[in-house]
Amino acid sequence: MKEIAKAYTPQKYENSIYKKWEDSGVFTPEIDPNKKSFTISMPPPNATVTLHLGHATMLAIEDLMIRYKRMQGFSALWLPGTDHAAIATQNRVEKNLAEKGIDRHKLGRKKFLEEVGKFVEKSRDTIRKQIRKMGSSCDWSRERFTLDEGLTKAVREVFTRMYNDDLIYKGDRIVNWCPRCESTLADDEVEYKEKQEKLYWIKYGPFTLATTRPETKLGDTAVAVHPDDERYKDMVGKKYMIPGVLGEFEVIVVADKEVDPQFGSGAIKVTPAHSFTDFEIAERHNIPLKSVINEQGKMMDNCGKYAGMTTEECRKEIVKDMDKMGLIEKIEDFTHNLSVCYRCKTAVEPLVSKQWFIAVDKPVIQDGDKKISIKEKALKVVREGDIKIVPDRFNKTYSHWMENLHDWCISRQIWYGHQIPVWYCRDCNEEIVQTDDPESCRKCKSKNIKQDLDTLDTWFSSGLWTFSTLGWPKKTEDLKYFHPTAVMETGYDILFFWIARMIIMTTYALNEIPFETVYLHGLIRTRSGKKMSKSDPSTCIDPLEMIDKYGTDALRLSFLIGSTPGNDMRLYEEKIAGYRNFVNKIWNAARFSLMNIKEENLDEVFDPKRHINSRADKWILTKLQYLVKDVTKDIEKFRFSDAGTKIYNFTWSEYCDWYVELSKGQHLNPHVLVHVLKSVLRLLHPFVPFFTEVLWENLHEKKMLIEETWPEYDKSLVFVKEVEEMELLHQIISDIRKMRANYGVEPAKKIHAVIYAGKYKDFLEEKREPLTRMARLENLEIFDKGEKIEKAVCLFVGDLEIYLPLHELVDIEKEQKRLEKELENLVQFEKTLSSKLQNKKFVQNAPEDVVEKEKKRLKETRSGIKKIEEKLSEL
RNA sequence: GGGCGAUUAGCUCAGUUGGCUAGAGCAUCUGGUUUACACCCAGGGGGUCGUAGGUUCGAAUCCUACAUCGCCCACCA
């Protein structure tokens, strides 16, 4: 009665539907003590980025969970936000300024930060819009930014507490230094890249040794050998003068297990200030440090003629000079893992510097009657299952990483970020750490104080994300109601960067877990399995472009179906197009339903007592109950792909292919047609929110689908017998169609059929209409039994015999061959089954229902064999 | 060096505590103006489940080894 467009056009509806949801306030959950809360903190996209496939996946999965729980009656909070992403953002703005010929140092800290602020404001606005594009039902009224005032308070509070607990300390330690960013990097912010380099064998006093970095010779203070190395045994503990390009210098020989006697000559030069291993060796043996490389990656003033050169320039020069002095023995090619900055790929320069650290091994958290470290605590909550990781194999990865965690360097020498809340008194050197800006020195009252210039690692603040966004350190209602959060969903690539740090920071600050479950999705790859990279647009799919082309719903499905947690997934345009087709398919099923129902019936509530008319109705309703049960279970177990596939198959292969087709004849029952459609829309809504909502409106629903309830399994709508009968009908129709195709019967031609139906006679009589229509029969005769019919194709479905007297089309020889082939098949199968059932161990050990099933199948197979044999003997 | 994952139809992937003659989508082939949908319908072909052993009544699924690809961690000057 009502007609909707012939095809669904997402572009026409998506924006207005989103606005309708947002304006209605459904995204903002109430704090209702009678309801359970369900919270997801959205992993905040970096403030600099535009939406990429990683975000799109994350948003699709999280929105699915949130909508599902919301429909189930939970107070579902999905809290959105953005991360200031200190280094990444600063680099980006520096680059932008550089294009205009502006250098940040000339601009000065204050002005530079203003520039960053402007850029970030604009950029955040873009990402906000893009998050909306994905249909994300997040609570914008609670949106947060890691540099917000509230979050900054949280950062200072945690810093101060940790400082007072002696967890945060300042020390001279060797750190990863990026000379381009001019900042420290945490251990996991360093990447390794394989590179072809040279290995220089140099004459080194009484030694010959191999090095890739001859320029660090200027900072050498020792030579180390393996304690068991016979070659150098007598030299250990002695001091030697080594000839160098800047004259002789003294080294001491130490024995250390770290040295691999197999590599090179078995002796290494020790440069404690510029190598992690050497620093550790130096610490163990009390060897002095000598820094020769500065924070710009250039040789320091103590390097004579090399001062001011970059390490690379210096290497060239020093090799030249050493060669002149006859110090170079040989130069070999060498493949080497070069450490580079994860943000800008510049080679990392290890150097010694005064930095702030978090001590991860210091026992400070009360645990029963003893104290454990923040690291042990973070291990414990996962080990004991307080936090569950999906898929669980990542437990191992997590534990391994956490066990090997060293003190975390948290200070960064960049400007953008949370400035470290430490002030120094210039008059009395007092160090003041507190949450508010102090006016004067607490010790000498001098006003001559200055804040530490460094900022905090960006992961320090994002480590507080689940609770700082809910108002902590204030004891807010939000915090009480929504924390701990339910699920943290993110890519496995930031398990260490972020997940691990949230667990550390939250268990320390709140003595509470940040989330109950960690759900890790895989990375999106190209069709050939390569990483998509922005620098190569030919491999890269832009989610926004796909949304324009196929709609958000189709894009979302392409992330949700066909993927499993923790595994990478390949994405390509045909896949998205396929789900667009699915969306359109349901749209058209709805179109059909609407065309077949009176408007007044649309407003009626489905009542099984009055509205169920036929076996077909009972069949589809039963299948729907199974679907509801399965899908609910799958979503609860985070098997989103399975859930989606099941809805897909039900809708297309059962509802559309059979039930809608049946509706075109005597079985038309608009009530059930629409009821099942509506249930499917409910089930589908968390996956594909836009078009389900559009259809919902068209079905005269007053309430929005987003606010509707999730369907529940209803046992009273399960009809096992009717399902069996209907499936028999499907089988008969399919088999007749197959035979038609097999014999090349023109689709338009209607044929004659005779069925000996036994106990199903009455049932088939009732289904005469769909049977003749869907199998394209012109004359159907149904008997309970009868004589075999000659010159006819025969089919055996269970105990039924079907004859298609195709007369001139029947080629006896061909028919014989077909039957023989089928017989062969059945005989083979019979063999397998009977030997299985004769096996006593199988009958004894296998579960009863498995045995029963096999028995039933054996019976059917044997009856089929008998029938075909009879038929063949007549041919 | 240590760990993890993958290996199933031409392609992309499902396959839950072992239990239908191993499934889907795409592609392909044969047909098609059916009461919604060609973004569709009906039907077909296509797989020794990476290899070799083992456990079991029964293995794609569990165990062992190997192979290939990929990822993570550690790291050598």
Side-chain angles (χ1 to χ4, degrees), chain A residues 3-4 6-8 188 192 199 209-213 216 224 258-260 262-264 267-271 275-278 334 336-337 339 391 393-394 396-397 400-401 404 492-493 495-496 522-523 525 527-529 550 554 561-564 566-572 574-575 577-596 633-634 637 639 641-642 645 648-649 653 656-657 660-661 663-665 668 734 737-738 740-742 744-748 773-774 776 825 828-829 832-833 836 839-847 849-851 853-854 857:
Chain A
E3 190 146 342
I4 55 172
K6 221 171 163 178
Y8 173 60
D188 49 0
Y192 295 91
L199 185 66
L209 44 80
T211 178
T212 52
R213 302 202 58 186
T216 60
E258 276 299 296
V259 183
D260 175 6
Q262 308 299 323
F263 188 90
I268 63 168
K269 59 188 212 57
V270 179
T271 323
S275 150
F276 277 84
T277 325
D278 294 6
F334 187 63
H336 171 75
N337 272 339
S339 45
R393 66 183 135 91
F394 281 97
K396 217 170 163 180
T397 324
H400 181 257
W401 183 86
N404 291 299
Y492 65 75
D493 53 329
L495 180 62
F496 306 140
L523 268 40
R525 297 177 171 279
R527 181 163 204 149
S528 55
Y550 301 104
I561 298 184
S563 67
T564 38
N567 286 342
D568 291 352
M569 188 187 133
R570 302 179 192 206
L571 185 73
Y572 41 89
E574 298 99 290
K575 205 186 246 181
Y579 291 116
R580 185 268 320 264
N581 296 353
F582 173 59
V583 165
N584 192 56
K585 182 78 184 173
I586 306 170
W587 178 268
N588 271 285
R591 184 171 130 92
F592 177 84
S593 303
L594 283 167
M595 286 165 89
N596 282 288
K633 196 170 133 199
D634 283 339
K637 296 198 162 176
R639 297 198 294 241
S641 176
D642 288 359
T645 309
Y648 183 101
N649 290 336
S653 313
C656 289
D657 288 352
V660 168
E661 288 307 316
S663 301
K664 291 177 181 172
L668 175 63
S734 285
R737 282 171 175 171
K738 270 180 216 169
R740 293 179 58 112
N742 201 351
V745 179
E746 281 169 44
R773 179 167 47 85
M774 293 170 79
R776 302 202 65 77
N825 246 335
Q828 190 56 42
F829 191 41
T832 319
L833 284 174
K836 205 172 185 182
N839 185 336
K840 278 190 188 129
K841 282 180 176 170
F842 170 72
V843 182
Q844 270 166 24
N845 295 328
D849 57 314
V850 174
V851 178
K853 225 189 260 171
E854 300 292 63
R857 284 165 61 195

Atom-pair distance ([atom1] on [X]; [atom2] on [N]), nearest Å:
{"X": "A/Arg580", "N": "B/C37", "atom1": "CZ", "atom2": "C1'", "result": "12 Å"}
{"X": "A/Asn567", "N": "B/U16", "atom1": "CG", "atom2": "C1'", "result": "15 Å"}
{"X": "A/Leu833", "N": "B/G19", "atom1": "CG", "atom2": "C1'", "result": "12 Å"}
{"X": "A/Asp188", "N": "B/C72", "atom1": "CG", "atom2": "C1'", "result": "12 Å"}
{"X": "A/Trp587", "N": "B/C39", "atom1": "CH2", "atom2": "C1'", "result": "14 Å"}
{"X": "A/Leu495", "N": "B/C4", "atom1": "CG", "atom2": "P", "result": "15 Å"}
{"X": "A/Asn337", "N": "B/A74", "atom1": "CG", "atom2": "C1'", "result": "10 Å"}
{"X": "A/Tyr492", "N": "B/A6", "atom1": "OH", "atom2": "P", "result": "12 Å"}

Hey, where does RNA chain B pair up into stems, meaning at least three consecutive Watson-Crick or G-U pairs with distances under 3.5 Å?
-> B:1-7 with B:67-73, B:10-13 with B:23-26, B:28-32 with B:40-44, B:50-54 with B:62-66
What's the gap between [N] and [M] when it is taken at their [atom1] atoms, as a whole Å value?
{"N": "B/G23", "M": "B/U35", "atom1": "C1'", "value": "32 Å"}
{"N": "B/U34", "M": "B/A42", "atom1": "P", "value": "13 Å"}
{"N": "B/G54", "M": "B/G46", "atom1": "P", "value": "31 Å"}
{"N": "B/U68", "M": "B/C29", "atom1": "P", "value": "37 Å"}
{"N": "B/A22", "M": "B/U61", "atom1": "C1'", "value": "12 Å"}
{"N": "B/G18", "M": "B/C63", "atom1": "P", "value": "10 Å"}
{"N": "B/C40", "M": "B/G25", "atom1": "P", "value": "11 Å"}
{"N": "B/G19", "M": "B/A59", "atom1": "P", "value": "11 Å"}

Any A/Arg570 side-chain nitrogen or oxygen under 4.0 Å from OP1 or OP2 of B/C13 =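 Answer is yes, contact under 4.0 Å.
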Would you say a side-chain N or O of A/Tyr192 is under 4.0 Å from OP1 or OP2 of B/C75?
-> yes
Going by heavy atoms in the side chains, are [X] and [Y] under 4.5 Å from each other?
{"X": "A/Lys575", "Y": "A/Met569", "result": "yes"}
{"X": "A/Asn588", "Y": "A/Arg591", "result": "yes"}
{"X": "A/Phe842", "Y": "A/Val850", "result": "yes"}
{"X": "A/Asp493", "Y": "A/Leu523", "result": "yes"}
{"X": "A/Leu199", "Y": "A/Thr211", "result": "no"}
{"X": "A/Tyr550", "Y": "A/Val583", "result": "no"}
{"X": "A/Tyr8", "Y": "A/Ile586", "result": "no"}

Tell me whether the guanidinium CZ or amine NZ of A/Lys664 lies under 6.0 angstrom from the six-membered ring centre of A/Phe592 and within 45° of its axis.
->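 Flagged: A/Lys664 positioned over aromatic ring of A/Phe592.
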Side chain of [X] only, heavy atoms from C-beta on: which candidate in [options] is closest?
{"X": "A/Lys6", "options": "B/G43, B/C39, B/C37", "answer": "B/C37"}
{"X": "A/Lys585", "options": "B/C76, B/C39, B/C41", "answer": "B/C41"}
{"X": "A/Arg525", "options": "B/G43, B/U12, B/C71", "answer": "B/C71"}
{"X": "A/Asn584", "options": "B/G43, B/C37, B/A74", "answer": "B/C37"}
{"X": "A/Phe496", "options": "B/A36, B/C73, B/C39", "answer": "B/C73"}
{"X": "A/Asp642", "options": "B/A36, B/C73, B/U16", "answer": "B/U16"}

5'-most by nearest nucleotide on RNA chain B - A/Val259 or A/Val660 |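 That would be A/Val660.
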First encountered from the 5' end of RNA chain B, between A/Leu199 and A/Arg591 =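 Per heavy-atom nearest nucleotide, the more 5' residue is A/Arg591.
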What contact category does [X] fall into here, base, sugar-phosphate, or nothing, at under 4.0 angstrom with non-hydrogen atoms?
{"X": "A/Lys269", "value": "nothing"}
{"X": "A/Lys840", "value": "nothing"}
{"X": "A/Ser339", "value": "nothing"}
{"X": "A/Thr212", "value": "sugar-phosphate"}
{"X": "A/Thr564", "value": "sugar-phosphate"}
{"X": "A/Glu661", "value": "base"}
{"X": "A/Asp657", "value": "sugar-phosphate"}

Between the base of B/A36 and the side chain of A/Lys664, is there a donor-acceptor distance below 3.5 Å?
->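 Looking at the base of B/A36, it does pair with a donor or acceptor on the side chain of A/Lys664 (distance under 3.5 Å).
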Looking only at N and O atoms, is any donor in the side chain of A/Glu3 or the base of B/A36 less than 3.5 Å from an acceptor on the other one?
->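 By the distance-only test, no, there is no pair.
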Go through the steps to decide whether A/Asn404 and A/His400 satisfy the test side-chain contact (heavy atoms from CB on, under 4.5 Å), and finish with yes or no.
-> CA-CA 6 Å; A/Asn404 291 299; A/His400 181 257; 3.4 Å; yes
Once you round to the nearest 0.5 Å, how far does OG1 of A/Thr216 lie from NZ of A/Lys269?
->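 Separation between the atoms: 2.5 Å.
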Gap separating the CZ atom of A/Arg737 from the CE atom of A/Met774, nearest 0.5 angstrom = 5.0 Å
Would you check if there is a donor-acceptor pair between the side chains of A/Asp568 and A/Tyr492 at a distance under 3.5 Å?
-> yes
Check whether the side chains of A/Asn567 and A/Thr564 place a donor and an acceptor atom closer than 3.5 Å, and report yes or no.
->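 Side chains of A/Asn567 and A/Thr564: pair found under 3.5 Å.
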Atom pairs, protein N/O to nucleotides 56-59 of chain B N/O, distance under 3.5 Å:
from  : atom 1 : to       : atom 2 : distance (Å)
B/C57 : O2'    : A/Asn839 : ND2    : 2.8

Set out, line by line, the N/O atom pairs under 3.5 Å between protein and nucleotides 25-31 of chain B.
none

Under-4.0 Å salt bridge between A/Arg527 and A/Glu574 = yes
Using 30° and 60° as the class limits, which term best fits the ring planes of A/Tyr579 and A/Tyr648: parallel, tilted or perpendicular?
-> perpendicular
